[in-house]
Amino acid sequence: MDYNHRAIEQKWQKFWADNQTFKASNTSTKPKYYVLDMFPYPSGAGLHVGHPLGYIASDIFARYKRVKGFNVLHPMGYDSFGLPAEQYAIQTGQHPAITTAANISRYREQLDNIGLSFDWSREVRTSDPEYYRWTQWIFMQLFDAWYNKASDRAEPIRSLITHFETRGSSGVLAVSDEDTAAFTAAEWAGFSDAEKQRELLKYRLAYLRESTVNWCAALGTVLANDEVINGVSERGGYPVEQKKMMQWSMRITAYAERLLTGLETVDWPEPLVEMQRNWIGKSIGASVRFAVPSLAPDVAIEVFTTRVDTIYGVNCLVLAPEHDLVSQLTTAEQQAEVEAYIAHTGKKSERDRMADVKTVSGAFTGSYAEHPLTGKEIPIWIADYVLAGYGTGAVMAVPSGDQRDYLFSMHFGLSIIPISDAQQLDGQADPTKAGRYINSDIINGLTYHEAVDVLIKQLEATGAGEATINYRMRDAIFGRQRYWGEPVPVYFKDGFPQLIEASELPLVLPEIDKYLPTESGEPPLGRAGDWKYRGQFDYELSTMPGWAGSSWYWYRYMDAHNSNALVSPEAVNYWQAVDLYIGGSEHATGHLLYSRFWNKFLKDLGYVPEEEPFKKLINQGMIQGRSSFVYRVLDTEGRGTNTFVSYGLKEQYTTVPLHVDVNIVSNDVLDIEKFRQFRPDFANAEFILENGKYNCGHEVEKMSKSKYNVVNPDDIIEQYGADTLRMYEMFLGPLEQSKPWNTNGIEGVYKFLRKLWKLFHDAEGNFSVSHGEPDRAELKALHKIIKKVAEDIERFSFNTSVSSFMICVNELTDLKCNKAAILQELCIVLSPYAPHITEELWALLGNTPGTLSEAAYPEFNPDYLVESEFSYPISVNGKMRMNLSLPLSLETGEIEQAVLANPDVQRYLDGKPVRKVIVVKGRIVNVVV
RNA sequence: GCCUGGAUGGUGGAACUGGUAGACACGCAGGACUUAAAAUCCUGUUCCCGUUAAAGGAGUGCGGGUUCGAUUCCCGCUCCAGGUACCA
């Protein structure tokens with residue numbers, strides 16, 4: 001019988017499912033090992049060839065750990081709340097729960113086809129009420145908690161109330177809003193309920209805060225940055241502006257320091273750790289307050305600076321246009337200009353503002369602040385290079401030391417004051433800390449470190465400032481004006497948020513008639529008319545963001561069916577934390593930071609034992625897609641039209657590129673009819689063609705539903721089988737490297753599996769192995785692979801294992817080896833990579849069917865690999881000239897003699913005197929002449 | 001813009017700690033088997049020069065540097081990708 005992948009793979013997949021081969025136990029005498037994949041969002045396009053890359057790698061690792069004797073937990077589930085399902089619901093009217101369930105079945109089928117060794121009895125879905133009741137429960141704990149800096153951990157809000165009751169606000173060391181009130185215990189007792197709630201909300205870890213969002217008036221909703229392209233909505237091309245809105249937020253900044261120090265304890269790729277460090281962005285500097293006497297005696301503009309030493313170089317203050325004080329500071333004469341400027345910036349997204357460093361813009365408010373040290377008048381400006389969300393939303397501009405300040409001052413003709421004798425200001429700022437200060441009053445002549453000390457002391461003495469640590473990271477916005485997410489378990493009473501009772505969880509998502517905002521601009525949940533808490537109080541209408549459900553899911557797998565707790569103490573104490581986590585680096589600062597935050601919070605409250613949830617982490621690179629684009633023509637006011645221009649003619653128009661499904665594009669030519677059906681708003685699309693055809697542009701970028709560039713694995717499995725797909729995805733290259741998808745080399749892997757099959761079969765295709773003693777060459781081939789594969793798997797170098805398997809099978813084929821003793825061991829070594837074919841061969845060899853995953857990985861014996869000779873490459877002046885075979889027993893001096901005595905070597909030396917001979921035993925000889 | 005990666009034959013990639021660049025595959029070319037095709041097998045395949053061969057020269061995105069020796073380390077660029085806080 002020939003290698004029949006379809007029959008073999010179906011047979012074993014059924015066997016594994018029927019026998020629950022990979023079901024993990026929460027108790028075992030074996031050591032535990034938890035291998036986790038980042039769970040997928042089940043998109044309508046199905047699993048694409050990028051997903052399995054990580055799943056196959058983790059599966060190989062999990063199967064390897066099993067044959068190495070571990071009790072392995074290897075679960076899978078679905079991050080099933082999300083924007084695409086909602087978008088689809090808006091288009092089709094179908095409930096997202098229905099499409100999501102259908103997508104999940106499809107994913108499951110596709111995952112099963114790959115032969116992954118998941119314990120499906122522990123599956124989770126974030127959109128399942130039995131799951132999200134615990135997401136809501138965690139939210140309630142966060143709402144009911146504050147961060148006590150004295151104990152350096154989160155505590156139940158009760159401990160804060162007790163403090164207020166006994167000592168008032170004095171002595172409270174908390175991470176909180178800035179505007180907390182000072183009061184005595186007696187005053188607290190006299191507060192009304194509403195006043196108490198207002199004050200407590202300033203401390204809660206889940207709290208309400210005003211934040212800036214992308215508001216699209218035409219769609220009546222907030223858009224993700226993703227959905228805004230060049231300042232207009234992707235859907236419909238409507239204008240988008242920045243708007244402030246009350247939003248739920250998470251006080252992740254309370255954990256900034258622990259998130260930072262925890263990075264030193266995890267085994268993660270260094271670049272990823274670096275990205276998180278940069279995201280947290282700790283900087284040590286100073287807060288400085290600039291009084292504004294024209295407003296009121298106690299009003300000051302607070303700035304954060306990492307270079308307080310440059311304070312004498314300040315020539316103006318620059319505020320973000322959104323800064324709270326801007327309207328008060330603006331004088332009558334400047335009002336028109338300031339308002340025009342604010343309107344202008346309101347159209348730009350924060351990212352555009354950061355990206356554009358070339359255009360300098362700003363407006364003078366007409367007011368002046370007082371320099372805290374010199375008392376000089378400092379003009380106050382606004383400019384969009386200052387971001388409201390970072391620091392205090394205001395900077396002291398020091399043009400001689402900061403390039404952005406320099407450009408700003410040059411542009412508006414403001415004076416530039418040199419502050420150090422080492423500064424070189426030839427057309428640019430010089431941020432040097434070298435030299436001694438000049439033009440700087442009390443720090444003249446001092447060095448950097450001396451100056452900082454003197455200044456901090458002086459500022460503290462006058463109450464104008466102090467040393468401060470600032471983090472770039474901001475509190476995370478936790479509300480979404482969407483339907484398809486977890487309802488926030490909160491209702492409003494007297495305008496203040498209150499938690500529902502824990503016993504009332506889950507708060508189930510109500511049914512609504514359509515998935516759009518209400519006419520008055522409220523989120524879709526506003527459509528659920530009679531949806532009231534206890535029939536009378538309004539529920540919170542926003543839902544939780546995509547990252548809520550994924551910030552704790554690894555715990556649910558430990559105890560997936562527990563209806564009394566998110567995870568039982570027994571289960572969490574057994575599995576502790578994830579030993580190996582595999583997923584894409586695109587989650588570096590989102591998911592991985594939020595998960596660490598929630599983990600630390602749950603630990604503070606005693607629900608989980610570990611400070612860090614993911615001990616070791618490996619990034620799989622992305623399998624990239626090749627996206628196709630159409631080009632929407634913009635009208636003279638920059639609004640999107642419904643006309644699309646072919647790639648070659650797009651330079652003649654102002655256009656916005658839009659992704660188009662690669663499946664309706666062939667050789668970069670768009671199928672216009674299918675495009676019109678693609679989205680309702682394209683039904684009447686018009687086209688400017690080239691030679692009667694619409695040519696699309698293309699780009700290599702990540703494969704994702706939103707980019708419409710998804711290729712799925714089913715066809716490959718049908719044609720070549722799952723074992724081939726598994727090995728091919730690994731063979732493509734290093735796991736962590738990104739690469740665009742192509743199937744060019746897949747034949748080679750398929751041929752390899754057939755060659756392997758042939759080792760066990762005679763020319764007629766009958767199973768045929770022999771039982772003689774293996775010879776030295778056969779043992780060498782086997783032990784090379786035993787060693788190589790173990791080493792490769794432990795360092796996650798799966799691609800090199802595949803090559804080595806090919807070499808091994810080629811060698812055994814050349815040796816005409818069909819000895820059971822060799823082939824049986826090879827089966828075990830190969831089983832993590834190609835589990836179906838090896839299970840079949842394992843059974844054919846006479847082993848109990850299905851026991852391969854319990855077999856023990858063979859012991860490596862180095863004796864079989866010992867060599868007595870080595871073919872030394874001989875270089876002359878670093879250039880490889882010839883090989884010379886010498887016994888490995890020779891010492892360096894003997895090798896040198898042998899090499900110089902060799903007539904061929906002499907020929908290369910060409911009679912020139914030898915200056916030096918470098919001998920690296922067992923490696924190389926280099927003769928320098 | 002900022003943060004983080006990446007770039008090696010026609011293609012995917014290998015070279016693990018600075019030590020033979022191109023393993024293993026794909027593709028391509030030639031050949032065997034076949035009426036033919038598929039499948040399988042064999043040979044060749046970095047580029048340039050060279051009649052085959054030998055011999056030689058160049059070569060790991062670009063420009064420099066360190067070293068007996070650099071794909072690997074250092075400095076400066078280019079291009080591509082991911083992230084940039086409401087995609088997940």
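Proteins come first, then strands; the chains are lettered A, B, ... in the order of their sequence lines, and each starts at number 1. Values below: every heavy atom of this structure, side chains too, minus hydrogens, waters and symmetry copies.
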Would you say the ring centroid of A:Tyr720 lies under 6.0 angstrom from that of A:Tyr728?
->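 No, the ring centres sit 6.0 Å or more apart.
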How are the rings of A:His591 and A:His587 set to each other: parallel, tilted or perpendicular (split at 30° and 60°)?
-> perpendicular
Does B:G6 sit syn or anti, given that only angles within 90° of 0 count as syn?
->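 Here the answer is anti: the torsion falls beyond 90° from 0.
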How close or far is atom P of B:A15 from atom CG of A:Asn799, stated in whole angstroms?
->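 Answer to the nearest Å: 7 Å.
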Can you check the A:Tyr594 OH to B:A85 C1' distance for me, whole Å?
-> 5 Å
State whether the number of non-hydrogen atoms from other residues, nucleotides or ligands found under 6.0 Å of A:Arg923 atom CZ is greater than 12.
-> no
Can you name the one residue among A:Arg353, A:Lys243, A:Lys348 that meets salt bridge (charged side-chain N to carboxylate O under 4.0 Å, His left out) with A:Glu322?
->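 Among A:Arg353, A:Lys243, A:Lys348, the one meeting salt bridge (charged side-chain N to carboxylate O under 4.0 Å, His left out) with A:Glu322 is A:Arg353.
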Paired runs of 3 or more consecutive Watson-Crick or G-U pairs involving RNA chain B, with both pairing distances under 3.5 Å, are B:1-7 with B:78-84, B:10-12 with B:24-26, B:27-32 with B:40-45, B:46-48 with B:56-58, B:61-65 with B:73-77
Kindly say if A:Gln737 contacts the phosphate of B:G5, meaning a side-chain N or O under 4.0 Å from OP1 or OP2.
-> no
Output yes when at least one side-chain N/O atom of A:Arg795 is less than 4.0 Å from OP1 or OP2 of B:C16, else no.
-> no
Lys/Arg N to Asp/Glu carboxylate O, A:Lys787 vs A:Glu791, below 4.0 Å |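 Looking at A:Lys787 and A:Glu791, the cut-off is met.
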Is a donor-acceptor pair below 3.5 Å formed from side chain A:Asn926 to base B:C68, judging by atom type as modelled?
-> yes
